[in-house]
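Just below is one structure, and these are the notes that go with it.
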Amino acid sequence: MISEGTINTGTQEIKTEFFLGGDYKYILINAASANYACAWCKVHKLDRWKTDHDYKYFNIPPMARTLQQIRDLLQDSNNNYGCIKDPLLNIELDHVIVDELHLLLRVTDILMTNLITEAMEWDKDEGFEKRSGAKNVHLEKLINTIQSCGVSFQVWEKKNAVKRVGSMTGLA
């Protein structure tokens with residue numbers, strides 16, 4: 001059992017330590033709100049930008065969340081730090097691990113979209129769309145630079161669609 005920290009095999013009892021790993025968005029579904037968006041601490045959205053505290057500040061009381069504290073906060077409808085449902089699993093929050101790969105991929109996707117959009121805006125501002133011969137000079141430089149790293153990469157733009165402009169299509 002998770003709460004006992006053991007597994008009984010019939011012939012012996014083995015001590016265990018359970019961890020929960022998952023996609024960050026999934027972890028936040030039942031653990032956070034707009035004002036308190038961190039599953040592990042109680043930092044308010046207006047204080048997220050403050051960098052005058054070190055990492056430990058958010059991981060020790062009074063800022064760190066605990067499983068028991070979440071259960072206690074369910075009774076308070078005003079100052080509950082976004083806690084509205086009992087946790088699904090009985091695993092302490094210091095044993096909940098974020099999936100770093102998907103977090104990194106999301107950050108990379110946003111940065112890549114920003115690079116492509118910036119190159120397209122730069123071309124538009126310099127009037128390359130209207131000049132004959134030279135078209136999308138900065139966008140082509142960006143595409144060539146990415147492709148020179150061995151990544152198969154293309155950019156397209158759909159007319160009258162959601163502004164999603166880039167795609168990394170795999171390694172070459």
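The figures that follow rest on heavy atoms only: side chains count, while hydrogens, waters and symmetry mates do not. All residue numbers refer to positions in the sequence shown, counting from 1.
Side-chain contact annotation: E126 with W122, donor-acceptor N/O pair under 3.5 Å present.
Contact record, L139 with M120: CD2-CG, 3.9 Å, taken as the closest heavy-atom pair. Counting all heavy atoms, side chain and backbone alike, K141 lies closest to T145 at O-OG1, 2.8 Å. Smallest separation of non-hydrogen atoms from L93 and W40: O-NE1, 3.0 Å. In plain terms, the two heavy atoms of L67 and L89 that are nearest each other are CD1-O, 4.2 Å. Counting all heavy atoms, side chain and backbone alike, A39 lies closest to R65 at O-CD, 3.3 Å. Scanning both residues, F153 and M112, for their nearest heavy atoms gives CE1-CE, 3.7 Å.
Note on V96: it clusters hydrophobically with F18, by side-chain heavy-atom contacts below 4.5 Å among ILVMFWY residues. Under the 4.5 Å side-chain heavy-atom criterion for grouping Ile, Leu, Val, Met, Phe, Trp and Tyr, V98 is connected to I91 within one hydrophobic cluster. Y81 and M63 end up in different hydrophobic clusters when Ile, Leu, Val, Met, Phe, Trp and Tyr side chains are linked at under 4.5 Å.
Environment of CD in E100: sparse, with no more than 12 heavy atoms of neighbouring residues, nucleotides or ligands closer than 6.0 Å. When the shell of 6.0 Å around CD of E118 is examined, it contains 12 or fewer heavy atoms from other residues, nucleotides or ligands.
Using a 4.5 Å cut-off on side-chain heavy atoms (C-beta onward), H44 and Y36 make contact. Considering only heavy atoms from C-beta on, E92 comes within 4.5 Å of T66 through its side chain.
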Quiz item: After noting the C-alpha distance and the side-chain angles of K56 and N59, does the key distance pass the side chain to side chain contact (heavy atoms under 4.5 Å, CB included) rule?
Solution: CA-CA 5 Å; K56 289 181 182 178; N59 292 296; 5.6 Å; no
Exercise. Please test L103 against D99 for side chain to side chain contact (heavy atoms under 4.5 Å, CB included), starting from the C-alpha separation and ending with a verdict.
Key: CA-CA 6 Å; L103 194 61; D99 178 5; over 6 Å; no
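In this structure, L74 CG and D86 CG are separated by 6.0 Å, a value rounded to the nearest 0.5 Å. E140 contributes atom CD, which lies 8.5 Å from atom CD of Q147 (distance to the nearest 0.5 angstrom). From N80, atom CG reaches atom NZ of K42 across 12.0 Å, with rounding to the nearest 0.5 Å.
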